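Here is the structure we will look at.
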Amino acid sequence: MTLPEGIANRVALEFPSKAENVAFARTAIAVFASQLDFTLDELDEVKVAVSEAVSNAVIHAYGDEPGLVRVEAAITADGELLIEIVDRGQGIEDVETARQAQWTSRPEERMGLGFTFMEQYMDRVEVESAPGAGTRVLLRKRPAAARVAG
Amino acid sequence: MTLPEGIANRVALEFPSKAENVAFARTAIAVFASQLDFTLDELDEVKVAVSEAVSNAVIHAYGDEPGLVRVEAAITADGELLIEIVDRGQGIEDVETARQAQWTSRPEERMGLGFTFMEQYMDRVEVESAPGAGTRVLLRKRPAAARVAG
Amino acid sequence: MHLEARRMGDSLIVRLKGELDLHSAEAFRAFVREQLAASDRIRNLILDLRAVPFIDSSGVGAILGRYKEIREGRAGRLIALGPRVPVRRVLAMSGLLRVMDIAETQQEALAMAKEGKRVP
Amino acid sequence: MHLEARRMGDSLIVRLKGELDLHSAEAFRAFVREQLAASDRIRNLILDLRAVPFIDSSGVGAILGRYKEIREGRAGRLIALGPRVPVRRVLAMSGLLRVMDIAETQQEALAMAKEGKRVP
Ligand SMILES: Nc1ncnc2c1ncn2[C@@H]1O[C@H](COP(=O)(O)OP(=O)(O)O)[C@@H](O)[C@H]1O
Ligand SMILES: Nc1ncnc2c1ncn2[C@@H]1O[C@H](COP(=O)(O)OP(=O)(O)O)[C@@H](O)[C@H]1O
């Protein structure tokens with residue numbers, strides 16, 4: 001096995017879209033992220049962002065039958081954390097609208113703050129989604145100390 | 001996605017055989033295991049056992065080029081934790097000898113206690129290995145509280 | 001998530017222990033509903049968050065839901081007791097602090113509940 | 001793993017913080033070697049394990065390696081300071097307690113080092 005060019009390390013998780021597994025995913029990714037020079041506060045931010053993206057896959061992607069969620073994380077050679085959360089669920093019709101603060105398709109139960117929290121706590125959030133095919137969220141973050149130093 | 005008959009939940013991890021990833025694997029599996037009614041001491045035992053099996057895949061399975069390690073964990077419908085640690089490395093010639101306490105192929109650096117710790121801390125340890133093909137370790141454990149109650 | 005409840009006058013104090021996310025929010029919701037159903041005399045809800053190391057938007061949503069029940073059904077007040085810094089940041093970002101007060105000690109929380117009538 | 005060292009008489013006190021496993025064992029090994037290389041006067045090694053929540057057989061192996069260096073090179077003694085219960089269990093299972101003593105306080109550890117000459 002050789003790691004792709006520019007990737008220093010990476011891990012992948014796969015699990016059924018059950019609410020119990022959200023804690024598993026965010027904790028695992030936070031431990032992986034701690035290989036970079038993140039502060040405890042920053043690791044907490046990563047945890048929140050992963051929790052939001054994985055919760056979305058659990059709540060919104062699949063109907064009542066649980067589907068598979070895949071989370072891949074990588075550390076680049078120059079010290080950036082990349083996290084990809086992928087489902088093969090129903091997808092999002094209009095990503096731009098979905099990303100707006102307080103927009104939710106389930107106003108009775110949800111606050112529509114998932115994407116907002118991801119954006120607040122990560123450097124970048126990219127969303128690719130196709131109705132019927134699924135959703136892929138890419139989160140990126142560098143340790144602030146590295147940003148100052150480098 | 002439907003879970004196999006008798007399986008209540010399951011997760012899979014995949015990562016290159018680097019020493020940094022041992023902490024990631026044991027912590028992730030311990031968080032997953034906490035879905036069962038394990039005590040903190042028991043979760044610590046699970047952590048040690050996973051740490052041993054994954055460390056073995058990192059040290060012994062592959063040469064200098066890192067290879068892929070896969071860890072799958074499941075919770076059965078009747079409350080048992082199953083953990084499988086799989087590598088596609090060089091395998092073990094004589095599993096029975098390898099499992100003996102203090103037997104190691106690297107006496108300069110290692111203590112030969114990995115399998116012993118797995119056996120001490122889990123209810124059952126199964127090892128399947130074929131030279132040139134890789135090694136598969138299956139660990140099983142039930143919460144002691146459940147054993148008493150059930 | 002471990003949950004405990006106590007009554008002090010017309011306040012219900014719920015102590016949460018563990019991470020408040022999508023999964024544990026469900027247990028939290030059911031627990032508070034049951035406690036509230038047990039007595040019409042409860043007006044205020046004090047959430048002791050001192051042992052909550054983590055919260056996300058699902059957790060915030062569950063707290064907001066309890067606020068609505070207390071506010072609409074009982075004209076009461078919602079007070080958070082001692083949230084840790086990371087939790088406090090998430091509560092602030094969510095806008096929940098516009099309807100919920102923060103107390104640092106249980107005494108302070110009970111005093112706030114007694115004052116009553118904060119209209120957001 | 002965070003590592004700190006201090007000299008007290010002919011004892012080197014190394015404070016470990018974090019989990020001691022395959023990965024951190026490497027840093028631990030290098031750190032202790034460097035500290036020992038800096039002075040011939042060091043005879044005993046006191047490992048402050050109070051902030052180590054986890055150890056496995058790779059961690060135990062790294063401690064045993066340090067014992068051999070101290071024992072063979074300096075006829076000194078190895079003392080573990082305040083290991084937590086799960087760590088203590090692993091140390092016991094490994095047989096390491098046959099060559100290493102446990103102290104509960106730093107004072108006790110230094111007194112043990114002074115006594116010297118435990119021949120296993
Ligand atoms: N993985 C996903 N699959 C399908 N729809 C999604 C997914 N993630 C987000 N969405 C849609 O985007 C909306 C906004 O998401 P978010 O900001 O996280 O708020 P919330 O989860 O509270 O609704 C959701 O209500 C949902 O309609
Ligand atoms: N995944 C593996 N691949 C190849 N060889 C292995 C693997 N796991 C264990 N072994 C062999 O079994 C021996 C005993 O393993 P263990 O009891 O864990 O002791 P140690 O890791 O300290 O050598 C190892 O020294 C090695 O030769």
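This is a predicted model, so every value here is computed, not measured. We name chains A, B, ... by the order of the sequence lines, and we start the count at 1 in each one.
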Exercise. Quick one: pull up CD1 in Ile70(C) and CD1 in Ile42(C) and give me the separation to the nearest 0.5 Å.
Key: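 The CD1 atom of Ile70(C) sits 7.5 Å away from the CD1 atom of Ile42(C).
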Query raised in the report: Looking at CG of Leu138(A) and CG of Leu82(A), how far apart are the two atoms once the value is rounded to the nearest 0.5 Å?
Result: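 Taking CG in Leu138(A) and CG in Leu82(A), the distance rounds to 6.0 Å.
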Do [X] and [Y] make a side-chain contact, defined as non-hydrogen atoms from C-beta onward lying under 4.5 Å apart?
X: Val54(A); Y: Ile29(A); answer: no
X: Ile83(A); Y: Val50(A); answer: yes
X: Arg41(C); Y: Arg7(C); answer: yes

For this session: Please state whether the side chain, the backbone, both or neither of Val58(A) comes within less than 4.5 Å of a heavy atom of chain C.
Result: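 For Val58(A), side-chain heavy atoms alone lie under 4.5 Å from chain C.
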Practice task
Find the one option among Pro53(C), Pro86(C), Ala62(C), Gly95(C) whose heavy-atom pairs under 4.5 Å with chain A are most numerous.
Solution key: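 Going by pairs under 4.5 Å, I would pick Pro86(C).
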>> Test of understanding: with side chain to side chain donor-acceptor pair (under 3.5 Å), list the residues that count as partners of Arg6(C), not counting sequence neighbours.
In response: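 If we apply the side chain to side chain donor-acceptor pair (under 3.5 Å) test to Arg6(C), skipping adjacent residues, the hits are Gln106(C).
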Looking only at N and O atoms, which donor-acceptor pairs between chain C and chain A are within less than 3.5 angstrom?
unit_1: Glu19(C); atom_1: OE1; unit_2: Arg26(A); atom_2: NE; d: 3.3
unit_1: Glu19(C); atom_1: OE1; unit_2: Arg26(A); atom_2: NH2; d: 2.6
unit_1: Glu19(C); atom_1: OE2; unit_2: Lys47(A); atom_2: NZ; d: 3.3
unit_1: Asp21(C); atom_1: OD2; unit_2: Arg26(A); atom_2: NH1; d: 2.8
unit_1: Asp21(C); atom_1: OD2; unit_2: Arg26(A); atom_2: NH2; d: 3.0
unit_1: Asp56(C); atom_1: OD2; unit_2: Ser51(A); atom_2: OG; d: 2.6
unit_1: Ser57(C); atom_1: N; unit_2: Glu52(A); atom_2: OE2; d: 2.6
unit_1: Ser57(C); atom_1: OG; unit_2: Glu52(A); atom_2: OE1; d: 2.7
unit_1: Ser57(C); atom_1: OG; unit_2: Glu52(A); atom_2: OE2; d: 3.3
unit_1: Ser58(C); atom_1: OG; unit_2: Arg110(A); atom_2: NH1; d: 3.0
unit_1: Ser58(C); atom_1: OG; unit_2: Arg110(A); atom_2: NH2; d: 3.4
unit_1: Arg89(C); atom_1: NH1; unit_2: Glu45(A); atom_2: OE2; d: 2.7
unit_1: Arg89(C); atom_1: NH2; unit_2: Glu45(A); atom_2: OE2; d: 2.9

*Let me know if Val90(C) has heavy atoms under 4.5 Å from chain A in its side chain, its backbone, both or neither.*
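Contact with chain A: backbone and side chain both.
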TODO: Evaluate the side-chain contact (heavy atoms from CB on, under 4.5 Å) criterion for residues Phe28(C) and Leu20(C): first the C-alpha distance (whole Å), next the side-chain angles of each, then the deciding distance (0.1 Å), finally the verdict.
DONE: CA-CA 8 Å; Phe28(C) 166 68; Leu20(C) 189 56; 4.1 Å; yes
